[in-house]
**Student:** 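Dropping the structure in here first, questions after.
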Amino acid sequence: MLAGLGACLHPSCVVRIEHAADPDPRRPCWSCWGEPRGYDGDLEGLLGAIDACRARHPGDQIRLRIDDLRWHSALALVVHRPRPLIPA
């Protein structure tokens, strides 16, 4: 799914990678991983940044937030959801 995302992104998109240990719709407390950046066509770099966030925060949910300044729209995708702990 993320590989097809490159066809939708363009230079007027601002991309953020965000993570949260316990995301709750009533408490939107996501932390930004790195700085928001304009999409520069480097999909591999974006996927690498998602992997780096996943390696640093393996128990957190990770989402990719894209703000399209040209169309005044936004999209948020959960790109990593940790597996639930199975009770022993």
**Student:** Which value, rounded to the nearest 0.5 Å, describes the distance between Trp71 atom CH2 and Ser12 atom OG?
**Tutor:** 9.5 Å
**Student:** If I take atom CD1 from residue Ile66 and atom OG from residue Ser73, how far apart are they, to the nearest 0.5 angstrom?
**Tutor:** 9.5 Å
**Student:** Would you say Asp67 and His72 make side-chain contact, with heavy atoms under 4.5 Å?
**Tutor:**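 No; the side chains remain at least 4.5 Å from each other.
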**Student:** If you look at every heavy atom in Gly59 and Pro82, which pair is closest and at what distance?
**Tutor:** O-CG, 3.2 Å
**Student:** Does the side chain of Asp60 pick up a donor-acceptor pair with the side chain of His80 at under 3.5 Å?
**Tutor:** no
**Student:** Calculate, to the nearest 0.5 Å, the distance between atoms CG and SG belonging to Leu64 and Cys53 respectively.
**Tutor:**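 Reported to 0.5 Å precision, the distance equals 10.5 Å.
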**Student:** Decide side chain to side chain donor-acceptor pair (under 3.5 Å) for Asp68 and His10; before the verdict, give the C-alpha distance in whole Å, the side-chain angles of both, and the deciding distance to 0.1 Å.
**Tutor:** CA-CA 8 Å; Asp68 187 338; His10 48 82; 3.0 Å; yes
**Student:** Can you name the nearest heavy-atom pair linking Cys29 to Ala20, along with the distance?
**Tutor:**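 The answer is O-CB, 3.7 Å.
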**Student:** Where is the tightest heavy-atom contact between Ala74 and Arg65, given as atom of each residue plus distance?
**Tutor:**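 Taking Ala74 first and Arg65 second, the nearest heavy atoms are CB-NH2, 4.1 Å.
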**Student:** With Ile62 as reference, evaluate His19, Glu18, Arg81 under the side-chain contact (heavy atoms from CB on, under 4.5 Å) test and give the passing residue.
**Tutor:** His19
**Student:** Less than 4.5 Å apart, any side-chain heavy atom of Leu9 and any of Leu46?
**Tutor:**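 Yes, close enough: below the 4.5 Å cut-off.
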**Student:** Give the other cluster members for Val14, using side-chain heavy-atom distances under 4.5 Å between Ile, Leu, Val, Met, Phe, Trp and Tyr residues; answer none if it is isolated.
**Tutor:**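 Grouped by the 4.5 Å side-chain rule, Leu69 form the rest of the cluster around Val14.
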**Student:** Is it possible for you to check whether Arg56 lies under 6.0 Å from the centre of the six-membered ring of Trp33, through NZ or CZ, and within 45° of that ring's axis?
**Tutor:**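 Ring-cation test returns no.
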